[in-house]
Amino acid sequence: MQKDFILITLADDDEDDRLFFTDAFDELKINTVVNTVNNGVQLMDFLNNPESVLPNIIFLDLNMPIKSGIDCLKEIKQNDRFKDIAVAIYSTSSSDEDVENTFVLGANIYIKKPSDFNTLKKVLNEVVTLNWQYHTSGVNKENFLLRIL
């Protein structure tokens, strides 16, 4: 069953970043449903709940307390139930080491959090549009790698 909207989940411990993110999607002309969680534990509880509808894309902050984005990424990539979910790292870090580590662990996209709202909208539009093209074309997401800094 193909949906006419994109399900997005953001895991980020910063309330301002979550608001910035959801406001950006509210202004984009893309059919999305955005769900946010405050940390990695909440994300994994949501994903592991059999009642949850799994997102098409997870935007994952690396530096969260309780359970880091790296720990979540490892768990997501080890679970076959989540194999169709694209994972976009969404972090303030732009270190080459973080980028390389997350790609090695299976992230599809690495985004350095923009500080400007219009840049954020442009980046999110590009990522979601690209991901949706891959999703609807049946291309293997494991080959879908993109770095936006």
Side-chain angles (χ1 to χ4, degrees), residues 5-30 32-48 52 54-149:
F5 56 89
I6 303 167
L7 290 171
I8 296 169
T9 298
L10 168 68
D12 195 321
D13 61 309
D14 186 298
E15 185 176 353
D16 289 337
D17 284 349
R18 289 192 307 271
L19 186 60
F20 201 44
F21 186 90
T22 55
D23 285 351
F25 272 111
D26 286 344
E27 290 192 16
L28 290 175
K29 303 293 184 227
I30 303 173
T32 57
V33 175
V34 179
N35 174 45
T36 63
V37 294
N38 302 340
N39 60 56
V41 171
Q42 286 183 357
L43 173 65
M44 296 316 299
D45 287 349
F46 169 75
L47 292 176
N48 286 310
S52 293
L54 296 176
N56 301 107
I57 308 172
I58 296 170
F59 287 83
L60 185 58
D61 183 19
L62 284 184
N63 302 309
M64 294 183 288
I66 308 172
K67 182 177 283 208
S68 74
I70 291 288
D71 291 337
C72 293
L73 178 60
K74 289 176 183 174
E75 284 185 46
I76 290 166
K77 291 304 177 177
Q78 290 171 353
N79 189 328
D80 273 352
R81 183 169 174 249
F82 309 139
K83 70 180 181 331
D84 292 331
I85 302 173
V87 178
I89 302 302
Y90 184 66
S91 180
T92 54
S93 168
S94 60
S95 84
D96 288 341
E97 183 179 346
D98 283 342
V99 173
E100 187 173 331
N101 286 342
T102 57
F103 282 151
V104 167
L105 292 171
N108 304 98
I109 306 163
Y110 195 102
I111 304 163
K112 182 179 183 313
K113 290 181 182 178
S115 56
D116 169 81
F117 188 68
N118 286 327
T119 304
L120 175 64
K121 287 192 319 185
K122 181 178 180 273
V123 165
L124 293 178
N125 184 58
E126 184 177 331
V127 168
V128 171
T129 302
L130 274 172
N131 180 73
W132 194 244
Q133 289 169 354
Y134 272 78
H135 180 75
T136 56
S137 69
V139 172
N140 185 347
K141 278 191 182 51
E142 291 175 14
N143 299 326
F144 177 39
L145 300 175
L146 179 65
R147 178 179 178 178
I148 301 175
L149 300 177

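Nothing fancy with the numbering, it's 1 onward along the sequence. Only this structure's heavy atoms are used, side chains among them; waters, hydrogens and symmetry mates stay out.
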statement: Here the pair of heavy atoms bringing Leu47 nearest to Phe82 is O-CE2, 3.4 Å

Between [atom1] of [X] and [atom2] of [Y], what distance do you get to the nearest 0.5 Å?
X	Y	atom1	atom2	answer
Thr92	Ile111	OG1	CD1	13.0 Å
Ile70	Thr102	CD1	OG1	6.0 Å
Leu105	Cys72	CG	SG	12.0 Å
Asn48	Asn79	CG	CG	6.0 Å
Leu120	Phe20	CG	CZ	5.0 Å
Ile109	Glu126	CD1	CD	9.5 Å

- prompt: Who pairs with Lys67 by side chain to side chain donor-acceptor pair (under 3.5 Å), at least two apart in sequence or on another chain?
  reply: Glu75

query: Residues two or more places apart in sequence or in another chain: which of them pass side chain to side chain donor-acceptor pair (under 3.5 Å) with Asp80?
result: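 In terms of side chain to side chain donor-acceptor pair (under 3.5 Å), with neighbours along the sequence ignored, Asp80 is linked to no residue.
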
Glu100 atom CD, over 12 foreign heavy atoms within 6.0 Å: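 It does not: Glu100 CD has 12 such atoms or fewer within range.
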
4.5 Å side-chain heavy-atom contact, Ile58 and Ile76: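 Yes. Closest side-chain heavy atoms under 4.5 Å.
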
task: Name all pairs fulfilling the salt bridge (charged side-chain N to carboxylate O under 4.0 Å, His left out) condition that reach into residues 7-23, sequence neighbours left out, sorted by first residue then second.
output: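 As it turns out, the salt bridge (charged side-chain N to carboxylate O under 4.0 Å, His left out) pairs with a partner in residues 7-23, which skip direct neighbours, are Asp12-Lys113, Asp17-Lys113.
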
- prompt: Ring centres of Tyr90 and Tyr110 under 6.0 Å apart?
  reply: no

